[in-house]
Structure formats: structure tokens, C-alpha cells
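This report concerns only the one structure given below.
By convention here, the first residue in the shown sequence is residue 1. As the structure is a prediction and not an experimental result, all values here were calculated from the model.
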Amino acid sequence: MAFDSFRDFLKTLEAADDLRRISTPVATELEITEIADREMKKPGGGKALLFEKPTVNGKVSPFPVAINAYGSDRRMAQSLGRESVEDAAAELGSLMKAKPPSGFREAIKLLGTALELRHAKPKSVKTGPCKDVIHKFEVPAAPFPGPWPPAPELKAATAGQVPTLLDLPILKCWPMDGGRFVTLPCVSTRDPDTGDRNLGMYRIQIYDPKTTGMHWQLQKVAARHGRRYYETGQRMPVAIFLGGDPVFAFCATAPLPDGLDEFLLAGYLRKKSVELVRCETNDIEVPANSDIVIEGYVDPREPLRMEGPFGDHTGYYSLADLYPVFHVTAITHRRDAVYPATIVGVPPMEDFYLGVASLKLFLPVFKMNFPEIVDIALPAEGVFHNLVFVSIKKTYPMQAYKIMHGLWGMGQMMFAKYIVVVDAEVNVHNTSEVLFRLCANTDPQRDSVFTKGPADVLDHATTDLAVGAKMGIDATHKLPGEGCKRGWPPLAVMDPAVKARVDAMFNGKPGGS
């Protein structure tokens with residue numbers, strides 16, 4: 001199912017009694033965070049929230065704020081237009097396993113798959129709802145020489161002024177944050193050599209009405225694009241869009257290979273081509289049904305600027321550091337635009353469900369590379385990649401170590417600090433079950449391995465920035481050749497026939513309750 005706007009998505013949630021409207025004025029400074037955090041911590045993720053009267057410095061914004069829209073399994077599935085995320089994963093898995101047809105029936109089935117794929121390729125259009133209202137700004141001919149002045153007090157525009165970033169209901173999430181941050185931005189950049197497009201999600205700190213930080217970390221694709229512009233000295237065009245079909249934000253966070261267009265995935269998931277429109281002040285294309293678009297550039301001749309701190313998904317503040325500066329050249333938006341936002345912090349939070357959905361969707365890719373993998377889980381306590389549980393069908397010695405090293409070599413799995421491998425029958429989504437196997441099946445010295453590699457820039461615990469140690473633990477049963485010189489006992493479980501008889505005694509109620 002394709003959504004025409006973020007408001008359209010919210011209407012669907014409301015019809016399912018999965019949205020709560022808040023009509024009381026609520027401050028974008030800290031108050032929305034506190035309300036949203038309480039909702040996100042409820043069992044199952046609570047409901048999506050729509051703040052109809054968010055205030056910026058005491059003034060009600062014309063744009064309502066939507067938050068926690070992705071914060072449950074059900075809402076995450078609805079954002080993908082599916083009954084469940086597993087349904088989308090199954091579709092993608094069957095597509096990757098497609099083989100040349102051996103008969104007429106298989107040919108018809110493959111034709112059906114091809115017809116579904118016709119929607120994957122985006123198409124360009126001349127205009128769209130994202131251009132209902134257009135505000136352009138003067139572009140300086142030369143870069144600011146630096147050093148950067150202290151950030152001014154941020155005040156919204158007064159009557160008669162052209163609206164700027166300060167008129168958007170951008171949140172200050174946590175007390176020690178360096179300022180206001182756009183937290184759910186889809187950032188579009190292009191490789192200057194190949195023209196390949198990339199869609200990523202990088203937080204945006206507001207410095208003043210027309211200037212922000214651009215927090216793309218050094219391992220990200222947009223940072224690679226930026227380095228090429230820095231080598232040539234040319235201004236780098238960038239576009240930030242918010243809202244539109246909710247699948248866009250998911251695709252911006254999805255771990256796609258470098259060079260693969262995220263809008264292809266979006267078109268496939270929504271079963272409708274993404275219509276792209278050219279920006280007003282640069283040649284980047286954005287979805288025509290976006291709610292808000294912020295156009296601009298990064299000038300490689302400018303000095304970097306201090307960005308942060310920011311209360312991050314690690315649950316701690318990520319420290320301030322130097323990042324590129326983004327200059328706004330235009331802001332366009334729908335007349336009925338909604339400002340989508342999120343907050344991150346001590347888990348569980350809304351981003352947990354985005355991460356789980358990505359993992360489920362791309363699990364077939366992992367299984368293609370490692371057929372022995374049964375399932376993978378990223379527990380909320382591991383804040384995405386800090387802790388990974390993997391179950392495997394183990395058939396030979398040291399297979400668990402093969403899986404550890406293989407995963408560390410796959411995309412963003414390089415950031416995994418701890419990987420725990422268990423046997424196939426273990427439910428990796430049950431942390432208690434995994435910890436039982438971890439404690440019962442391991443000798444710490446024999447069954448652990450340490451290695452080094454890239455680390456998340458946001459990880460404050462590493463000795464050096466962006467590099468750190470990793471630990472793998474083999475919690476599977478041990479085979480001959482794996483260093484255990486004693487016999488390996490079976491797990492104590494009841495005979496199935498006895499369980500069935502006892503179930504019959506009490507009509508399936510445990511203990512006869």
C-alpha cells in the first residue's frame with residue numbers, strides 16, 4: 001500500500017485506534033520528548049502521537065508534530081503496507097530465490113514477480129505537493145571563512161518575514177543537547193563520479209535560520225560522497241526531506257549496499273513507483289509527495305563546525321565534534337504538512353522497531369551468504385548493533401566462529417561489539433533463553449574470541465574514535481575438535497508423549513489452573 005503523505009499514514013493509524021491526538025499546546029523544548037518517552041516505554045511501544053499545537057519558544061507552530069509513528073511491530077508493518085514485516089521479508093526472500101522457469105506454471109509465476117518489480121524504478125515528474133509553498137533564500141557567492149561565531153538565540157520569524165528553519169517545530173530532545181535537532185530527516189546526496197544516489201538518515205543540528213550541522217559519520221555513504229567533493233573543492237548539493245510515504249524513512253535507514261538506490265526498495269515495498277521532483281535550487285531529486293523539503297549545499301572550502309552534544313540511541317550523549325556545515329537555499333512544503341520526528345535515548349525507543357524491521361527484511365540476504373543461519377536478533381538493550389544473537393544449524397567444528405567473522409564483514413554488522421551464537425532450537429528473540437545457553441554452554445576462555453575493527457562513531461566507550469574491540473561467544477553445543485575433552489550432555493526435556501497426556505488431563509492449562 002502506498003501512502004500519499006505522512007498525514008495519510010496517520011489517518012490509517014487513527015482508524016486502527018493506534019494514534020493519540022494531543023490538542024494541548026506542548027513545547028518542542030524537552031516537553032514533547034518527555035511525553036513521547038513515556039509512551040514509547042509502554043508495553044508494545046504504546047501509540048503514535050500527534051501534537052496538534054507544538055510550540056516553538058512559546059509560539060504555536062503551523063505544523064503538527066508526529067512522533068512514535070514507527071514505534072510498534074504493527075505500525076512498522078503498516079508503514080510498509082503489509083500485515084506484518086515478516087510478509088515483506090518473505091516476498092523479498094522469494095524474489096532473491098527466483099530461478100529460471102522449468103515449465104509454464106513457473107513462467108507465469110515469474111511473470112507475476114516481474115510485474116511487481118515494474119514499480120520499483122522511480123520516475124521523474126515536473127512538480128508535486130511538496131512544492132505547494134516555496135521559500136528561496138539568497139546564496140552567498142563565497143564560503144564563510146570562519147571561525148564560526150557563537151550560535152545566536154533561536155527565535156521564530158515575525159510577521160512579514162520569509163519562514164526559515166526556526167519556524168519548523170524542531171525538537172530540543174534532552175537537557176544537554178547542543179541545540180535543536182531534526183531527528184527523522186531523509187538526506188539525499190549523489191556520487192559526483194557515478195551519479196549514484198544515496199538516501200541516508202543523519203541528524204541535523206540547527207545553528208541559525210539558514211545553517212545546520214550535517215552529522216554524517218565517516219563510514220557512511222554520504223560521507224564518502226562528501227570526501228569526493230572535498231577533493232574537487234566543489235559545492236556539494238544536498239536535499240533533506242521529511243514525511244511523504246512513511247516507507248521513505250525506513251529505506252533511509254535500511255542497510256543497502258553502496259550504490260543501490262533506496263528509492264528502488266521504496267518502490268518495491270509500496271508497489272508503486274516513487275515520483276521524484278527536482279529541487280528548486282539544486283539538481284537533487286526528492287519524492288514529490290514529501291511533506292517538507294530543505295534544499296542546500298555543503299561547501300568543502302569552509303571550516304568544519306562543532307556539532308553536538310546529542311542524547312543518542314546509545315542512551316548516552318554523543319560528544320560534540322567537528323562536522324560539515326549545511327547551508328539552506330530553499331524550504332518547500334505541502335500546505336497540510338506534518339512534521340515527523342522521533343527521539344532516541346535509553347531503550348526501548350521507537351528506533352528499535354525500525355532496526356528490527358530492517359533485520360527481518362534483510363535476513364534472507366544473510367541466509368543466502370550463510371545458509372546455516374536460522375535467525376538473528378538485535379536485543380533492545382544492545383541499541384542496534386552492540387549485541388547480536390544468532391542461531392545456526394551447526395554441522396561441523398568451529399562453525400560458530402565462521403559466522404561471527406562473516407557477520408563482522410557485512411555492512412553495518414562491522415559495528416557489532418558482541419556476537420553470541422547459539423544452536424538452531426534456541427529462540428534468539430527470547431533474551432532469557434539465550435542467556436541460559438550462554439551461561440550453561442560456555443567456558444569463557446575456550447569459547448570466546450576477541451578481534452578489532454571499525455566501531456560506531458557514537459560509541460563513547462571505545463579507547464579511540466571509530467575503532468574498537470569486538471567479542472564473539474560460541475554458546476552452541478561443542479563438537480569433537482572444539483576443545484571440550486568431556487562428553488556433552490543432552491538438555492533435560494520432558495518426553496513429548498508425557499506432555500501430551502498431561503495437557504489432556506488439564507485441557508491444555510498448565511498445572512491444572
field: ring-ring contact (aromatic ring centres under 6.0 Å, His included) partners of Phe310, counting only residues at least two apart
entry: Phe181
query: Between Leu269 and Phe250, does a side chain to side chain contact (heavy atoms under 4.5 Å, CB included) hold up when you go through it step by step?
result: CA-CA 10 Å; Leu269 289 173; Phe250 170 74; 4.0 Å; yes
task: Taking Asp73 for its side chain and Tyr353 for its backbone only, find out whether a donor-acceptor pair lies under 3.5 Å.
output: no
Name of the residue among His215, Arg305, Glu307 meeting side-chain hydrogen bond (donor to acceptor under 3.5 Å, both in side chains) with Tyr323: His215
- prompt: Between CG of Leu276 and OG of Ser188, what distance do you get to the nearest 0.5 Å?
  reply: 8.5 Å
field: Residue pairs passing the side-chain hydrogen bond (donor to acceptor under 3.5 Å, both in side chains) test where at least one lies in residues 359-370, sequence neighbours excluded
entry: Glu86-Lys360
- prompt: Taking Leu168 as the fixed residue, which of Leu166, Ile170, Thr164 is the one that meets the side chain to side chain contact (heavy atoms under 4.5 Å, CB included) rule?
  reply: Ile170
query: Any chance the side chains of Arg203 and Ser318 put a donor and an acceptor closer than 3.5 Å?
result: yes
query: Among Arg224, Arg227, Arg197, Arg228, whose salt bridge (charged side-chain N to carboxylate O under 4.0 Å, His left out) with Asp191 holds?
result: Arg224
- request: Please identify each residue that fulfils ring-ring contact (aromatic ring centres under 6.0 Å, His included) with Tyr202, with sequence neighbours left out.
  value: none
message: Testing the 3.5 Å rule here: is there a donor-acceptor pair between the side chains of Thr462 and Asp459?
response: no
message: Taking Arg334 first and then Asp132, would you say they form a salt bridge - that is, a charged N and a carboxylate O separated by under 4.0 Å?
response: no
message: Is a donor from one side chain sitting under 3.5 angstrom from an acceptor on the other, for Glu280 and Thr332?
response: no
- prompt: Can Asp312 and His460 be counted as having a side-chain donor-acceptor contact under 3.5 angstrom?
  reply: no
query: So, Gln205 versus Thr212: side-chain donor-acceptor pair below 3.5 Å or not?
result: no
- prompt: Just checking, is any N or O donor in the side chain of Thr342 or Glu350 under 3.5 Å from an acceptor N or O on the other one?
  reply: yes
query: Among Glu262, Gln412, Met201, which one satisfies side chain to side chain contact (heavy atoms under 4.5 Å, CB included) with Thr253?
result: Met201
- request: Establish, from distance only, whether the side-chain atoms of Thr28 and Arg180 form a donor-acceptor pair under 3.5 Å.
  value: yes
message: Does this structure show an ion pair linking Glu91 with Arg82, if we count only N-O contacts that are shorter than 4.0 Å?
response: yes
